[in-house]
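Because the structure is a prediction, the values reported are computed rather than measured. Side-chain atoms are counted along with the backbone in the values below, which use heavy atoms only and exclude waters and symmetry mates.
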Amino acid sequence: MSFFTDLAHQYIDGEWRPGKGSWDIIDFNPFDGEKLASIPVATAEEVDQAYRAAERAQQAWADTNPYARRTVLEKALRIVEEREPEIAEAIVAELGGTRLKAGFELHLAKEFLREAIQLALRPAGQILPSPTDGKENRVYRVPVGVVGVISPFNFPFLLSLKSVAPALALGNAVVLKPHQNTPICGGTLLAKVFEEAGLPAGLLNVVVTDIAEIGDTLLEHPVPQVISFTGSDKVGRHVATVCAANLKRVVLELGGNSALIVLDDADVDYAVDAAVFSRYVHQGQVCMAANRILVDRAVEAEFTEKFVAKVASLTVGDPADPATQIGPLINSSQAESISRLVDETVEAGATALLHGRADGNLVSPSVLTGLPADSPVLQQEIFGPVALLVPFDGEDEAVRIANDTPYGLSGAVHTGNIERGVRVGQRIHTGMIHINDGTVHDEPIVPFGGEKSSGLGRLNGESMVEAFTTQKWISVQHGRSQFPF
């Protein structure tokens, strides 16, 4: 496909070039195995070149009138709007996203670009009083300089853009490393959009590479001051450790094990709809997905019957078919891992109300119940189409079960009493929770992030200013200070 081969390059200092590594990253369609592109990997030397190019270009960009920076972002938005059908096709092909998912991702991407346009004008300084006569304290908001962005495979276009666009809007330069399974949608496609939007060379660099080639170069390099990472908590811990050793700030958006709680007064039919979407959207490859669905025993039988029936009706198949609701997992390793997890959990005592099977990278949905309280699967993130139904007796037990996880990203509470839902939500140790809704939400101006092993820091809205700028104190003595010697 020419779309992919045209973008199958490194993008460094405004130049499209092949990587100098001795091996290629092969970009496959996860549904049919079609080879989309082959990209020679970037070396550690090329990562250095990307960071140095960003460093050279950044100061002039920071000095650029923020209205001019805003104009570039406005052009980028128009390009995304004009190319939306083409980008949607790429999302379907490269990551196996259904057409519904591609539309969802692009809708959010445009919303986040609109917010980034506003961010260019957002940073505001302060003038603060001083106990010293004649002194004026000015506090400036300034760009951090260069930001390293590492993005995941599940929503690659959105989650790359979500850090890249605000960082640029606020006067920074960026080096982006997309996930190896989505190097185009998560990487070079963004470079093309911003290049066409008139972003000066060097301000956005994309390196398609792998830790096997570059080690921790992307994290240890002296140029970047902030690393924005979205991915698993295992890798996130490593990122945090390396960055701490090098005194770099991090923003970590990591995994989740979200609970969707159905209380005894919930609208069961509505809760079923919310739970099915929250668990199975994009094949369950979503950090906010409802891994655990907690149901009060008073409504357990009704909920379970309706939930299983709805899940069984989901269409599994070609993501290019508009009727498909469950497409492929990202690769064969993930498909095999999910199938093995289901088999092992059933062998350990769980009951499979639906037992999904793998057909290539397609894995049909599973619904498991009767899990032993100490089942390991209750503690982990499941990045696939597997729902765990867990009964409870009363709010206190629901809260205890929901909090019995190392994660704390999202969640939901369904109830006929909104304030009851809010009270329960306040007791859940999580960064985000939604009353009478699904668990999968992201909005441009609302702080997004998790607690515990689900991450550090927040993104979106004013949190972007906190993440990608720093404060600088300049004092002015209008009179004369008195010194003790």
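T405 and R292 form no side-chain donor-acceptor contact under 3.5 Å, judged by distance and modelled atom types alone. S364 and R357 form no side-chain donor-acceptor contact under 3.5 Å, judged by distance and modelled atom types alone. Between S228 and S163, the side chains place a donor N or O and an acceptor N or O closer than 3.5 Å (distance only, hydrogens not considered). A donor atom on one side chain and an acceptor atom on the other are not found under 3.5 Å apart for D27 and N181. Side-chain atoms of D233 and Y407 include a donor-acceptor pair closer than 3.5 Å. Between the side chains of H221 and N246, no donor-acceptor pair of N or O atoms lies under 3.5 Å. A side-chain donor-acceptor contact under 3.5 Å links N291 and R279. Defined by atom type and a distance below 3.5 Å, a donor-acceptor pair is missing between the side-chain atoms of E336 and S339.
The backbone N or O of L190 sits nowhere less than 3.5 Å from a side-chain atom of Y11 that would complete a donor-acceptor pair. With hydrogens and angles disregarded, no donor-acceptor distance shorter than 3.5 Å links the side chain of D359 to the backbone of L362. Side-chain atoms of N154 come within 3.5 Å of backbone N or O of Q285 as a donor-acceptor pair. Under the 3.5 Å distance criterion, the side-chain polar atoms of Q10 are matched with a main-chain donor or acceptor of P40. Side-chain atoms of S258 do not come within 3.5 Å of backbone N or O of A290 as any donor-acceptor pair. Side-chain atoms of T430 come within 3.5 Å of backbone N or O of S410 as a donor-acceptor pair. Under a 3.5 Å cut-off, the side chain of N460 and the backbone N or O of V446 do form a donor-acceptor pair. Put simply, the side chain of Q283 gets close to the backbone of G327: a donor and an acceptor are under 3.5 Å apart. Remark: side-chain polar atoms of W61 are not paired, donor with acceptor, to backbone N or O of L203 under 3.5 angstrom. Without hydrogens or angle criteria, D343 side chain to R340 main chain gives no donor-acceptor distance under 3.5 Å.
Taking 4.5 Å as the limit, every side-chain heavy atom of L294 sits out of range of all side-chain heavy atoms of L260. The side-chain heavy atoms of I326 and T315, taken from C-beta on, include no pair separated by under 4.5 Å. Using a 4.5 Å cut-off on side-chain heavy atoms (C-beta onward), T182 and H179 make contact. V149 has its side chain out of reach of V175: every pair of non-hydrogen atoms, C-beta onward, lies at least 4.5 Å apart. For the pair P224 and Y51, the minimum side-chain heavy-atom distance is below 4.5 Å. Between D48 and T217, every side-chain heavy-atom pair lies at or beyond the 4.5 Å cut-off. No side-chain heavy atom of F383 sits under 4.5 Å from any side-chain heavy atom of V286. No side-chain heavy atom of T230 sits less than 4.5 Å from a side-chain heavy atom of I150.
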Run the numbers on E462 and R122 for salt bridge (Lys or Arg N to Asp or Glu O under 4.0 Å), then give the verdict. CA-CA 8 Å; E462 287 300 319; R122 190 78 54 84; 3.0 Å; yes
L161 and F194: side-chain contact (heavy atoms from CB on, under 4.5 Å), yes or no, with the steps? CA-CA 11 Å; L161 190 69; F194 279 102; 4.0 Å; yes
Derivation and outcome, side-chain contact (heavy atoms from CB on, under 4.5 Å), residues V276 and L314: CA-CA 10 Å; V276 171; L314 297 176; 4.1 Å; yes
Derivation and outcome, side-chain contact (heavy atoms from CB on, under 4.5 Å), residues L456 and V250: CA-CA 7 Å; L456 290 172; V250 293; 4.2 Å; yes
Quick one: do H238 and D216 satisfy side chain to side chain donor-acceptor pair (under 3.5 Å)? Show the steps, please. CA-CA 10 Å; H238 178 74; D216 286 330; 2.9 Å; yes
Q180/D210 under side chain to side chain donor-acceptor pair (under 3.5 Å): CA gap, chis, key distance, verdict: CA-CA 7 Å; Q180 300 90 306; D210 186 273; 2.3 Å; yes
side-chain contact (heavy atoms from CB on, under 4.5 Å) assessment of I39 paired with I184: CA-CA 10 Å; I39 307 174; I184 306 300; 4.1 Å; yes
Apply salt bridge (Lys or Arg N to Asp or Glu O under 4.0 Å) to the pair R69 and E74, showing each step before the final yes or no. CA-CA 9 Å; R69 296 203 301 263; E74 288 172 338; over 6 Å; no
Start with the C-alpha gap between D6 and K192, add the side-chain angles, then the distance that decides, and say whether salt bridge (Lys or Arg N to Asp or Glu O under 4.0 Å) holds. CA-CA 10 Å; D6 290 348; K192 188 65 174 176; over 6 Å; no
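Here the CG-CG distance, from N205 to L176, works out to 9.5 Å after rounding to the nearest 0.5 Å. Residue K75 holds its NZ atom at 14.5 Å from CG of L113, rounded to the nearest 0.5 Å. If you take SG on C185 and CD1 on I91, they are separated by 5.5 Å, rounding to the nearest 0.5 Å. Once rounded to the nearest 0.5 Å, the distance linking CG of L36 with CG of L7 reads 11.5 Å. Of the inter-residue distances, the one linking I26 atom CD1 with K35 atom NZ reads 4.5 Å to the nearest 0.5 angstrom. From M288, atom CE reaches atom CG of D442 across 5.5 Å, with rounding to the nearest 0.5 Å.
Of the residues listed (E115, E84, E81), the one engaging K110 in a salt bridge (Lys or Arg N to Asp or Glu O under 4.0 Å) is E84, and it is the only one. Looking at L329, T324, D318, N361 one by one, the single match for side-chain contact (heavy atoms from CB on, under 4.5 Å) with F31 turns out to be D318.
The nearest pair of heavy atoms linking V311 to P365 is CG1-CB, 3.5 Å. The two residues L368 and L354 come nearest to each other via the heavy atoms CD2-O, 4.4 Å. The minimum heavy-atom distance between G317 and P328, with the atom names listed, is O-CD, 4.4 Å. Counting all heavy atoms, side chain and backbone alike, A8 lies closest to S38 at CB-O, 4.0 Å. Between G21 and T43, the shortest heavy-atom contact is N-CG2, 3.5 Å. Taking every heavy atom of both residues into account, N257 and Q379 meet most closely at ND2-C, 3.6 Å.
By the 6.0 Å contact criterion, CD1 on I445 is open, its count of non-hydrogen atoms from other residues, nucleotides or ligands being 12 or less. The number of heavy-atom neighbours closer than 6.0 Å to CZ of R17, taken from other residues, nucleotides and ligands shown, is above 12.
Between R56 and D13 a salt bridge is recorded (basic side-chain N to carboxylate O distance below 4.0 Å). The pair R141-E466 meets the salt-bridge criterion, since a charged nitrogen lies less than 4.0 angstrom from a carboxylate oxygen. A salt bridge is absent between R458 and E253: the closest approach of a Lys/Arg side-chain nitrogen to an acidic carboxylate oxygen does not fall below 4.0 angstrom.
Under a cutoff of 6.0 Å and an axis angle of 45°, K101 and F155 form a cation-pi pair. Relative to the six-membered ring of F448, K162 meets both conditions, a distance below 6.0 Å and an angle of at most 45° to the axis.
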